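Notes for the one structure printed next.
It should be emphasised that the depicted structure is a prediction, and the values quoted were computed from it without experimental measurement. In what follows, every heavy atom counts, from backbone to side chain, and hydrogens, waters and symmetry copies are set aside.
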Amino acid sequence: MRIDKPVISSIGIKPSSISRILFSICFILVFINLIVFVTAHYGNQNYATKLVLLFSLDSEKNLPTAYATLLLLLASLVLTVISLLKRKQVGTMVRYWSVLALGFLYMAVDEGWSIHEILIVPFRRWFRTEEIGIFYFAWVIPAIALVFVLGVLYLRFFFHLPRKTRRQFVSAAAVYLSGAIGFELIGSNYYYKHQVDFTYKMITTVEESLEMIGVIIFIRALLEYLADTYGEVQFRFSNR
């Protein structure tokens, strides 16, 4: 009896092409968000209310939130692939990659379910920041401390990376943190003084945009690291 050999197929993935697609979707969502805000502010606000809820970068459980969550999940997935590949090698700091994968998985869960938003009031009472505008969104205080601690703990891992990857990681972190912490502080101070208005919505638009862009830069860096380090990664599927 003749047994046919399995067909081996391959799909080429270019990091530049993937990041271009991700950036395009991000741009479209930000553009729609701006159009909806302008329409709601200068036009028929009742007509635009549903669109604001659906496309606002500052709202929860809508299209931009879903996309931001998917980006973080994609970063976690690529980090997991790298972690699995590193386990077959010695001295590759696999634990650092694994912790990063788990960290981005948590960030995806937090983005989807807004866990940090729930913690604002308890942290505000704990840190007594009711009258401090920039820390009115008090979750940012432990976030800043966590970033500092992780930065110190990951110094050895950072300098273990290739120079190109280090530059890309720094760029991604700078963009992401300028949104997640920098513009969060600006938005917190503005919200404390003026509550929600058109200017506040623009601040949050910049904040959320920078966060998505930072994650996309990071995903491209991971994909290029995979390409430069391994060249080819094979996934085997078998029912035997």
So do the side chains of [X] and [Y] get within less than 4.5 Å of each other, counting heavy atoms only?
{"X": "Leu84", "Y": "Arg87", "answer": "yes"}
{"X": "Lys14", "Y": "Leu223", "answer": "no"}
{"X": "Met212", "Y": "Val30", "answer": "yes"}
{"X": "Val215", "Y": "Glu211", "answer": "no"}
{"X": "Glu207", "Y": "Glu184", "answer": "yes"}
{"X": "Tyr106", "Y": "Leu72", "answer": "no"}
{"X": "Ile186", "Y": "Phe183", "answer": "yes"}
{"X": "Asp58", "Y": "Tyr200", "answer": "yes"}

Relative to Phe135, does Arg124 satisfy both conditions: NZ or CZ under 6.0 angstrom from the six-membered ring centre, and within 45 degrees of the ring's axis?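 Ring-cation test returns no.
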Would you give the length of the straight line joining atom [atom1] of [X] to atom [atom2] of [Y], rounded to the nearest 0.5 angstrom?
{"X": "Thr39", "Y": "Ile32", "atom1": "OG1", "atom2": "CD1", "value": "11.5 Å"}
{"X": "Leu100", "Y": "Arg95", "atom1": "CG", "atom2": "CZ", "value": "14.5 Å"}
{"X": "Asn33", "Y": "Leu63", "atom1": "CG", "atom2": "CG", "value": "11.5 Å"}
{"X": "Leu105", "Y": "Asp110", "atom1": "CG", "atom2": "CG", "value": "11.5 Å"}
{"X": "Leu70", "Y": "Leu74", "atom1": "CG", "atom2": "CG", "value": "8.5 Å"}
{"X": "Lys193", "Y": "Tyr136", "atom1": "NZ", "atom2": "OH", "value": "14.0 Å"}

Does the [X] side chain pair with the main chain of [Y], one donor and one acceptor, at a distance under 3.5 Å?
{"X": "Thr204", "Y": "Lys201", "value": "yes"}
{"X": "Thr65", "Y": "Ser59", "value": "yes"}
{"X": "Ser19", "Y": "Ser16", "value": "yes"}
{"X": "Arg166", "Y": "Leu161", "value": "yes"}
{"X": "Ser76", "Y": "Phe104", "value": "no"}

Can I get a per-line list of side-chain donor-acceptor pairs under 3.5 Å for residues 20-27, giving both atom names and the distance, sequence neighbours left out?
| residue | atom | partner | partner atom | Å |
| --- | --- | --- | --- | --- |
| Ser24 | OG | Arg20 | O | 2.8 |

Heavy-atom closest pair, residues [X] and [Y]:
{"X": "Leu210", "Y": "Ser178", "value": "CD1-OG, 3.6 Å"}
{"X": "Lys86", "Y": "Tyr225", "value": "NZ-OH, 2.6 Å"}
{"X": "Val140", "Y": "Leu185", "value": "CG1-CD2, 3.6 Å"}
{"X": "Ser83", "Y": "Ser98", "value": "OG-N, 3.2 Å"}
{"X": "Gly214", "Y": "Ala172", "value": "O-CB, 3.4 Å"}
{"X": "Pro64", "Y": "Phe55", "value": "CG-O, 3.3 Å"}

Should Leu222 and Phe169 be marked as a side chain to side chain contact (heavy atoms under 4.5 Å, CB included) after you check the CA-CA gap, both sets of side-chain angles, and the distance that decides it? CA-CA 9 Å; Leu222 293 175; Phe169 277 21; 3.8 Å; yes
Please step through side chain to side chain contact (heavy atoms under 4.5 Å, CB included) for the pair Asp228 and Lys164, ending with a clear verdict. CA-CA 10 Å; Asp228 295 340; Lys164 171 187 173 183; 3.1 Å; yes
Using the rule that two of Ile, Leu, Val, Met, Phe, Trp, Tyr join whenever any of their side-chain heavy atoms come within less than 4.5 Å, decide whether [X] and [Y] are in one cluster.
{"X": "Phe31", "Y": "Leu53", "result": "no"}
{"X": "Trp97", "Y": "Leu102", "result": "no"}
{"X": "Trp126", "Y": "Ile132", "result": "yes"}
{"X": "Val109", "Y": "Leu73", "result": "no"}
{"X": "Val196", "Y": "Leu54", "result": "yes"}

With side chain to side chain contact (heavy atoms under 4.5 Å, CB included) as the criterion, how do Leu85 and Leu226 come out once you've worked through the C-alpha distance, each side chain's angles and the decisive distance to 0.1 Å? CA-CA 10 Å; Leu85 292 171; Leu226 271 174; 3.7 Å; yes
Aromatic centroids of Tyr96 and Tyr154 separated by under 6.0 Å: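 Tyr154 vs Tyr96: aromatic centres under 6.0 Å.
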Ring centers of Tyr191, Phe137 separated by less than 6.0 Å: yes
After noting the C-alpha distance and the side-chain angles of Leu79 and Phe218, does the key distance pass the side chain to side chain contact (heavy atoms under 4.5 Å, CB included) rule? CA-CA 10 Å; Leu79 285 164; Phe218 184 64; 4.0 Å; yes
Excluding sequence neighbours, so at least two apart, what forms side-chain contact (heavy atoms from CB on, under 4.5 Å) with Val147? Leu177, Ile181
Other residues, nucleotides, ligands: >12 heavy atoms within 6.0 Å of Phe127 CZ: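 Yes, because the 6.0 Å sphere around CZ of Phe127 holds more than 12 heavy atoms from other groups.
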